[in-house]
Engineer: 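Sharing a structure below in structure tokens format, with a few things to ask.
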Amino acid sequence: MRIILSTLMVLILPGVASGQFERIIEELSVAGVPESEIEEWADRLSDLAANPIRINSASEEDIAQLPFVDMATARLLAAARPFHSIEDLGKVPGIGGEAMTFLEPLIDFGTGLPTRAARSTRILISQNINTRLELSRGFESRDGARAFAGSPLASATRIRLSNGSMSAGWIGAKMSGEQIGWNPSQGRLGPEHTALYFEMRRTTAIRHVVLGDHRMGVGTGILIGRSARIRSASDPVRVVSSLSNGLTPHFSTARSEFFRGIGAEVAPSRRVTLSASVSARHLDASVGFTEDGQPFARSVGGTNRYRTGNEIARKRAVREQAGIVSARLATESVEVGLAAFHRELDTPLVRSTQPYQMFFPEGVRARGASASGRYSLRPLALTGELAYAGGWGGTGALSMIIPTASAVIAFRSFDKNYYAPFARTGAARSSALRSERGWYLGGTMNLDTRTSAAFLIDHYRHEWLRHGIHWPSDGSDLRIAIRHRPRRWIRLEAEARRSVTTTGTVYADPDMRQVRGIGERQRSAARLSATYDFSSILTFRARGDIVETDRSNGTLLAFDMRFLPTPGLILEGRIAQFHTDDFDSRVAAYEYDVPYAFSVPSLYGRGSRSYLMVMWRPNRVVDLACRIARTLFLDRHSIGSGHDLVASNRVTDFAIALRVRR
Amino acid sequence: MSASIRFLAALALVASVAPLSPAQPLDGDMRFAALGGASAAARHHAGPTANPASLPGLRRRTVTLFAGQGYGMHELRTGGTAAALPVGRAVLGIQGRAFGFDQYRETWASAEVAGAVFPATSRSLLLGARLRYHHTAISDYGNAGTLGLSLGIVMPIAEGVDAGAWVSNLNQPAMALGDPPRSELIIGIALHTIESVSVYVDAVKDPLFPLSLRGGAEFLPVPRFALRVGTSTYPETISAGAGMHIGDTSLNIAAERHRWLGWTPGISASVTF
């Protein structure tokens, strides 16, 4: 037992002590993983550190729990066992890459059954509080109509229990200005935002059940699910050649896509998985009324699906009931899936007479079905999905992965009437996938043992009109990234991007009449960063960004420091100066944040941004993190708008997070 | 140029420079002024435009005097002194500097401390902190002062390669209400990989201005004599200079040409004892 514990400590502590988890979170962010899922990774990484995946004996599903590892990768790893070190993993074709080195604390290279710790009851309780130190206008009491009902503090409490194959979680969250306590309008006690799930994983035929909030990923994600954002992906090949990972609990109060109901996966045989989800929830909607007082919806929100009782009472929302079924057959080289959804609203959708309005099925019902597949003939793989949802849509990708390089070419096409309300992929990032055609080319190369390069080209065209863009439009993205390690302790990263998009605009004709038209907008950005591990306890990072658009320019220079003065204590800080001509030339800069929080501020104008974070992990039970971040603007006298208006040229955000786990 | 035109031009120039501007052209040691002002990763450097962490390289007591004349106008003269005093494992520094003319006078007085630490490694990390009092006096208008804190580091990253970073006025002091606090973040690298040649490159970010790159090269044709050239992108300047080292004394001269405003000459002398 002592040997096992010692082994675990050796495996866990390097990651904890060096802040490796924060690097994984950052990599996930760069890879385009949505914010709400990154929030969940804070827990999952802790779980994995406490119970590393026994790579030499774990099931493919368990291996796929690791970050950056999908089912296809998990199968590759399972087939290539045994492994003795993280370097062995890197030798598996398609597994290489720097991301794998981050996984070392999460993997146990021993053999045998899971440890006793994995089967014991574990509890996690966390409390996050954050607030802005400068009071915004909404909190002034001089005008009752302006004052918020609650305090400016935002709070989130998380409780999670797990025992072997079962786990349950609850989050109660309060945003700035909301109340905690008895809420007479709702007739209930407690915070406004809640998320709840109960999950059971078994090795029997009923493999996985989630009761409460959950997500479903099917096939390539064009009908149901969400792929990583292709344009910001750090691995441009895997992001379009992977299939979704199925059912997962949604443990976040971030406004994002999830289902509220019950989801289940059944495996009648080793190769076959059947999944189903039934859910009911409210969606943000633009609701109007007919002359005889009947409600109708002009549009239904894409992402603002997180609605509390209070919000629903205050705003217009429609109730949605949805059912999803899917089946998957997976063998060593072939994976085939079928999926279908049915959605019903309590308020009918009515199309606008405006020609540029979105296309969606009128009425209360929407249905869709798809067939997806993946055929692996190493080193080649063919991935695709064909779907019907009011119209036809499909995607296909041919990828090749060899130890020193990978490449993919992919196509996608969706009819005018294709409407997949549960899909978030392709060029559409914040709304449902529709009316899009495009091709994609991506690749990675290991130029030598210390240098790797990645690129992607994505071209898309919207054959039909979109909101605010009154003509068919197109766009393209180009991204090139190079990583180089001249020494073991120095990491250089360079990245260049260029995007061209079509925007709606208004021209004046010779008679000075306003004419709607389209224009082209170009944006180029370059980033250079250098990370230097000065010693085992001290890391520096410098970063410079340059952004250029048709009309404006922006620059940012940042310097980061990470210091571990004693085991369990991490100090992290940044000083950044920025200067942009306008919002279009803004610079987004990822920042380390307290657990469960996520910070990528978009900096624009002229000013400086700095933060300091202290993370204290005195033992394996408690960790405490505290962060203060300040943005100072030299060209503004007020920040924000409406109730959030701060009558100052600086804003200071303070956050604290306490986590207890046993 | 008539006296009145010179006076107006001088006023316009000084008005364009905020009171907490980190430096004027050719402020400080002319060795680095000739290198385009790139000095963030330099060691053995004391002066108002130096990274405060550069002090520990000075093993002996050092006094530097410097003077310059912005664009050839006596109204834009700058001059001052910097002294470094090694005390135990630390180095203390003091500086004084004046800029302007009788109608507009800007004065700095600084105290700084720097030292080397070895965080879980045998390699040294140089740290420095500077506290500077900024004072501005405008004739028939008034005067004001404030304190600014600057922090810096210099570290080796490979054989013959140093990196440095420092931020000025970290506490973002303001001279008066509505006066935007000025703060610069400077990150630089110094290459000494070729014998007799050193190259310095800095990236400088002041929130009020676009990113500026500064760079320069120093060549020693003979051990005691150095030739230097440098450039910066914002403002667009080129610079050149020379230095001579005799015994405990060194003498450096530099000249900088601004794309529009012309030449600025400067001279500095250092004595170690």
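All values below come from the heavy atoms of this structure, side chains included, with hydrogens, waters and symmetry mates left out. Numbered from 1 within each chain, the chains take letters A, B, ... in sequence-line order. Nothing here was measured: the structure is a model prediction, and the numbers come from that model.
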Engineer: Measuring heavy-atom distances to chain B, does A:F540 have an atom under 4.5 Å in its side chain, in its backbone, in both, or in neither?
Structural biologist: side chain
Engineer: What pairs of residues pass the salt bridge (Lys or Arg N to Asp or Glu O under 4.0 Å) test when at least one of them lies in residues 35-54 of chain B, not counting sequence neighbours?
Structural biologist: B:R43-B:D162
Engineer: Distance check, rounded to the nearest 0.5 Å: B:L170 atom CG versus A:S608 atom OG?
Structural biologist: 9.0 Å
Engineer: Using a 4.5 Å cut-off on heavy atoms from C-beta on, say whether the side chain of B:V167 contacts that of A:F559.
Structural biologist: no
Engineer: Nearest 0.5 Å, please: how far is OG in B:S183 from CG in A:L632?
Structural biologist: 9.0 Å
Engineer: Answer with side chain, backbone, both or neither: which region of A:A558 has an atom nearer than 4.5 Å to a non-hydrogen atom of chain B?
Structural biologist: backbone
Engineer: Would you please go through residues 197-204 of chain B and name the residues with a non-hydrogen atom below 4.5 Å from one of chain A, in numerical order?
Structural biologist: B:A203, B:V204
Engineer: Is there a side-chain contact between A:H579 and B:L211 (heavy atoms, below 4.5 Å)?
Structural biologist: no
Engineer: Give, for atom CG of A:D533 and atom CD1 of B:I157, the distance between the pair rounded to the nearest 0.5 Å.
Structural biologist: 12.0 Å
Engineer: Could you tell me the separation between the CG atom of B:L208 and the CD atom of A:Q577, rounded to the nearest 0.5 Å?
Structural biologist: 9.5 Å
Engineer: Could you check whether any side-chain heavy atom of B:K205 comes within less than 4.5 Å of a side-chain heavy atom of A:T555, counting everything from C-beta outward?
Structural biologist: yes
Engineer: How long is the gap from CZ on A:R541 to CD1 on B:I187, to the nearest 0.5 Å?
Structural biologist: 12.0 Å
Engineer: Check whether A:R609 gets within reach of chain B through its side chain, its backbone, both or neither, counting any heavy atom under 4.5 Å.
Structural biologist: neither
Engineer: Identify which part of A:I575 has an atom lying under 4.5 Å from any heavy atom of chain B, answering side chain, backbone, both or neither.
Structural biologist: both
Engineer: So do the side chains of B:M155 and A:Y532 get within less than 4.5 Å of each other, counting heavy atoms only?
Structural biologist: yes
Engineer: Look up atom CD in B:Q172 and atom CZ in A:R630, then write down how far apart they are to the nearest 0.5 Å.
Structural biologist: 5.0 Å
Engineer: Can you tell me if A:Y604 has over 12 outside heavy atoms packed within less than 6.0 Å of its OH?
Structural biologist: no
Engineer: Less than 4.5 Å to any heavy atom of chain B: does that hold for the side chain of A:F578, its backbone, both, or neither?
Structural biologist: backbone
Engineer: Give me the contact list for residues 116-125 of chain B versus chain A, heavy atoms only, anything under 4.5 Å, ordered by residue number.
Structural biologist: B:P119, B:A120, B:T121, B:R123, B:S124, B:L125
Engineer: Tell me, please, which residues at least two apart from A:F654 pass ring-ring contact (aromatic ring centres under 6.0 Å, His included).
Structural biologist: none
